[in-house]
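Throughout, residue positions are numbered sequentially from 1 according to the sequence presented. Hydrogens, waters and symmetry mates play no part in the numbers below; they use all other heavy atoms, side chains included.
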Amino acid sequence: MKLTIKNYKEATKNIDFKKLPEAAQEAHKEFDSFADFYNEDKDIKEMLDNHFKIVEPYLKDSEKKSPAPKKAPAKKKTTSSQKSTKNVTKKVAPKRTATKKTAAPKKAQRKPIEVDLMPLEIKVIRRYLNFHNKKVTERQVSLLYKVIQKAATEKTIRKTSKYASEIKSISNDLIKTYKDMNGTCKFEVTDSLYSKLKKIVDDYGVTPAVALIKRFINLYGNITKAKAQRLLTTVTNSLKNGKVDKSDKEFEQVKNVQKHLHDYLESDKLLVTNVQLKGLQGIAGLGK
C-alpha cells in the first residue's frame with residue numbers, strides 16, 4: 001500500500017513504531033503538526049514523503065499480525081428431551097397497532113463561515129490551539145513559526161489579512177516559547193487568547209458538499225463495499241437534511257457522487273471517467 005496524508009492514520013494504526021528507526025518514531029508522533037501544512041511547505045512535503053517510504057515496508061508485517069475476526073460460536077441444537085414436555089397453548093392478546101408519526105428530518109446546522117478550502121490563517125490558529133496543555137518539542141514550535149514566516153514572505157498571509165493581528169500574537173508567543181524551552185515544554189495559551197482564537201476556528205468549516213466530494217475522491221482506488229455504503233448513507237442523509245441543498249454550487253456533483261456509489265454497490269464497478277475525476281479533484285482543491 002502507498003501511504004498518503006489521507007490514509008496514513010488508518011493504515012498505520014497496527015504498526016508498532018517502537019521497532020522503527022528513531023526518526024520515524026518522531027515523525028509519527030508529530031504527524032498532525034506536519035500534515036496540516038503538507039501542501040503549504042515544500043520541505044515538509046519532502047520530509048513526510050520520505051517518512052512514508054520508510055514506514056510502507058512495515059505495513060505488511062502489521063497486516064499479518066492483525067487478529068482474524070472471531071467466528072460466532074455455533075448454536076447448540078436443542079434435543080427433544082430439552083424441549084418442554086407439555087404443549088401449552090397461550091392466548092395472546094391482539095396487539096394494538098399504534099400509528100407512528102413520521103418526524104420531519106431535522107435541519108442540519110451549518111457553520112457561519114463555510115469555505116471550499118481552509119485558509120492558511122485558520123490552519124495556523126488551529127495548530128497553535130492544538131499545542132495547548134500538551135508537551136511540545138522544539139521541532140514542533142519551530143515548524144509552526146517557520147510556516148508563518150514563509151507565509152509572510154510569500155504574502156499568503158499579509159498585514160492586511162483578516163486575522164493578521166492574531167497571527168502576529170501567535171508568532172511572538174512561538175518565538176518566546178522557543179527561546180525559553182529546553183528541548184520540550186508544556187505549552188500553555190492564556191485563557192483570553194485561547195477563547196478568542198477558539199471562537200474564530202469554530203466559526204469556520206469546509207463546505208459540506210466539498211467535504212463529501214473529498215471523501216469520495218479518497219475512496220477512489222481503495223474502495224470497498226463497506227466504505228462505499230457508509231459514504232452513500234452520509235451523502236443521502238446530507239441531501240435529506242439540507243446539509244447539502246440546491247443552493248450549493250456543488251449540488252449536482254454530490255448527486256453524481258451518490259449515483260456513482262449506488263452504481264458501484266449494484267455492479268461492483270466504480271465507473272468514473274478521468275474527466276469526471278479531474279473535475280471533482282478541481283472542486284475539492286486536490287487537482288494539483
S.K.: Does a sphere of radius 6.0 Å around NZ in K259 hold more than 12 heavy atoms from other residues, nucleotides or ligands, not counting ones at 6.0 Å or beyond?
M.R.: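 For K259, atom NZ is not crowded (no more than 12 foreign heavy atoms under 6.0 Å).
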S.K.: Hey, mind stepping through S161 and I167 against side-chain contact (heavy atoms from CB on, under 4.5 Å) and telling me if it holds?
M.R.: CA-CA 9 Å; S161 294; I167 297 297; over 6 Å; no
S.K.: OH/Y163 to OG/S169 distance, rounded to the nearest 0.5 angstrom?
M.R.: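 The distance works out to 14.0 Å.
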S.K.: Show the numbers, then the answer: is there a side-chain contact (heavy atoms from CB on, under 4.5 Å) between L212 and L231?
M.R.: CA-CA 8 Å; L212 291 171; L231 182 53; 4.2 Å; yes
S.K.: Between the main-chain N or O of E46 and the side-chain N or O of N50, is there a donor-acceptor pair closer than 3.5 Å?
M.R.: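 A pair under 3.5 Å: yes.
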S.K.: If you look at every heavy atom in K13 and E10, which pair is closest and at what distance?
M.R.: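 Where K13 meets E10 most closely, the heavy atoms are NZ-OE2, 2.9 Å.
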S.K.: Hey, does K249 have a side-chain heavy atom less than 4.5 Å from the side chain of T207?
M.R.: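 No. Closest side-chain heavy atoms not under 4.5 Å.
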S.K.: Which value, rounded to the nearest 0.5 Å, describes the distance between S267 atom OG and H262 atom NE2?
M.R.: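 Between S267 OG and H262 NE2, I get 10.0 Å after rounding to 0.5 Å.
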S.K.: How about F17 and Y58: are their ring centroids closer than 6.0 Å?
M.R.: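 They do not qualify: ring centres at least 6.0 Å apart.
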S.K.: Treating Q25 as the side-chain partner and L20 as the backbone partner, does any N or O pair qualify as donor plus acceptor under 3.5 Å?
M.R.: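 Yes, the answer is positive, given that a donor and an acceptor are paired below the 3.5 Å cut-off.
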S.K.: For K227, is there any backbone N or O sitting under 3.5 Å from a side-chain donor or acceptor partner on T224?
M.R.: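 Indeed, once roles are kept as given, a pair shorter than 3.5 Å links the two residues.
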S.K.: Restricting to non-hydrogen atoms, name the atom on Q149 and the atom on S171 that form the minimum distance, rounded to 0.1 Å.
M.R.: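 What the structure gives for the nearest pair is OE1-OG, 4.1 Å.
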S.K.: How about I283 and D116: do any of their side-chain heavy atoms sit closer than 4.5 Å?
M.R.: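 Answer no - side chains too far apart.
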S.K.: Does any part of the side chain of L48, heavy atoms only, come nearer than 4.5 Å to the side chain of Y8, both counted from C-beta?
M.R.: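 No. Closest side-chain heavy atoms not under 4.5 Å.
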S.K.: Taking NZ in K150 as the centre, count heavy atoms belonging to other residues, nucleotides or ligands within less than 6.0 Å. Is the count above 12?
M.R.: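 Counting neighbours around NZ of K150, more than 12 heavy atoms of other residues, nucleotides or ligands fall under 6.0 Å, so yes.
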S.K.: Side chains of R127 and N130: does their closest heavy-atom pair fall under 4.5 Å?
M.R.: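 Answer yes - side chains close enough.
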S.K.: Stepwise, does the side-chain contact (heavy atoms from CB on, under 4.5 Å) test hold for L3 with L59?
M.R.: CA-CA 9 Å; L3 287 174; L59 292 174; 4.0 Å; yes
S.K.: Does the K134 side chain pair with the main chain of F187, one donor and one acceptor, at a distance under 3.5 Å?
M.R.: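 Side chain of K134 to backbone of F187, a donor-acceptor pair under 3.5 Å: no, none is there.
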S.K.: Report the distance from atom CG of N241 to atom OG1 of T236, rounding to the nearest 0.5 Å.
M.R.: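 It comes to 10.5 Å.
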S.K.: If you draw a 6.0 Å radius around NZ in K225, do more than 12 non-hydrogen atoms from other residues or ligands fall strictly inside?
M.R.: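 Count over threshold, so yes.
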S.K.: Which heavy atom of V235 sits nearest to which heavy atom of L261, and what is that distance?
M.R.: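 Looking at all heavy atoms of both residues, the closest pair is CG2-CD1, 4.4 Å.
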S.K.: How many angstroms lie between OG1 in T4 and CG in D49, if you round to the nearest 0.5 Å?
M.R.: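 Between atom OG1 of T4 and atom CG of D49 there are 10.0 Å.
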S.K.: On a heavy-atom basis, which atom in L174 and which in I148 lie closest, and how many Å separate them?
M.R.: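 Residues L174 and I148, closest heavy atoms: CD1-CD1, 3.9 Å.
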S.K.: Do the side chain of S238 and the main chain of K243 share a donor and acceptor less than 3.5 angstrom apart?
M.R.: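 No, S238 side chain to K243 backbone: no donor-acceptor pair under 3.5 Å.
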S.K.: Would you indicate whether N133, at its atom CG, is surrounded by more than 12 heavy atoms from other residues, nucleotides or ligands within a distance under 6.0 Å?
M.R.: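 Enclosed.
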S.K.: I would like to know whether K199 and D203 meet salt bridge (Lys or Arg N to Asp or Glu O under 4.0 Å); could you show each step before the answer?
M.R.: CA-CA 6 Å; K199 174 66 170 63; D203 279 350; 2.7 Å; yes
S.K.: Could you check whether any side-chain heavy atom of T12 comes within less than 4.5 Å of a side-chain heavy atom of H28, counting everything from C-beta outward?
M.R.: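 Sidechains of H28 and T12: in contact.
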S.K.: Nearest 0.5 angstrom please: L129 CG to H132 NE2, how far?
M.R.: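 Those atoms lie 8.5 Å apart.
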S.K.: Check E121 against K162 and note the closest heavy-atom contact, atom names and distance.
M.R.: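 What the structure gives for the nearest pair is OE2-N, 4.5 Å.
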S.K.: Side chain of T137, backbone of T184: donor and acceptor closer than 3.5 Å?
M.R.: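 Side chain of T137 to backbone of T184: no pair is present.
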S.K.: Should L219 and L270 be marked as a side-chain contact (heavy atoms from CB on, under 4.5 Å) after you check the CA-CA gap, both sets of side-chain angles, and the distance that decides it?
M.R.: CA-CA 10 Å; L219 276 186; L270 190 58; over 6 Å; no
S.K.: State whether the side chain of E138 and the backbone N or O of G183 hold a donor-acceptor pair below 3.5 Å, judged by distance alone.
M.R.: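 Yes.
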S.K.: More than 12 non-hydrogen atoms from neighbouring residues, nucleotides or ligands closer than 6.0 Å to CG on D191, yes or no?
M.R.: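 Atom CG in D191 is not packed in, count stays at 12 or less.
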S.K.: Are Y178 and Y145 an aromatic pair, judged by ring center distance below 6.0 Å?
M.R.: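 When the ring centroids of Y145 and Y178 are compared, they turn out to be at least 6.0 Å apart.
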S.K.: Grab the two heavy atoms, one from A24 and one from H51, that are nearest each other, plus how far apart they are.
M.R.: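 Residues A24 and H51, closest heavy atoms: O-CE1, 3.2 Å.
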S.K.: Would you check if the side chain of N7 reaches a backbone N or O of K2 as a donor-acceptor pair within less than 3.5 Å?
M.R.: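 Yes, the answer is positive, given that a donor and an acceptor are paired below the 3.5 Å cut-off.
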S.K.: Are side-chain heavy atoms of L193 and D173 found at a separation under 4.5 Å?
M.R.: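 A side-chain contact is absent here, since even the closest heavy-atom pair is not under 4.5 Å.
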S.K.: Going from CD1 on I113 to CE on M118, what distance comes out if it is rounded to the nearest 0.5 angstrom?
M.R.: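 The distance works out to 10.0 Å.
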S.K.: Answer yes or no: is there a side-chain heavy-atom contact under 4.5 Å between K179 and K176?
M.R.: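 With C-beta onward as the side chain, the pair stays apart.
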S.K.: Less than 4.5 Å apart, side chain to side chain, heavy atoms only: is that true for Y204 and P119?
M.R.: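 In contact.
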S.K.: If hydrophobic clusters are built by linking Ile, Leu, Val, Met, Phe, Trp and Tyr wherever their side-chain heavy atoms come under 4.5 Å apart, do I54 and F31 end up in the same one?
M.R.: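 No; F31 is not reachable from I54 via cluster members.
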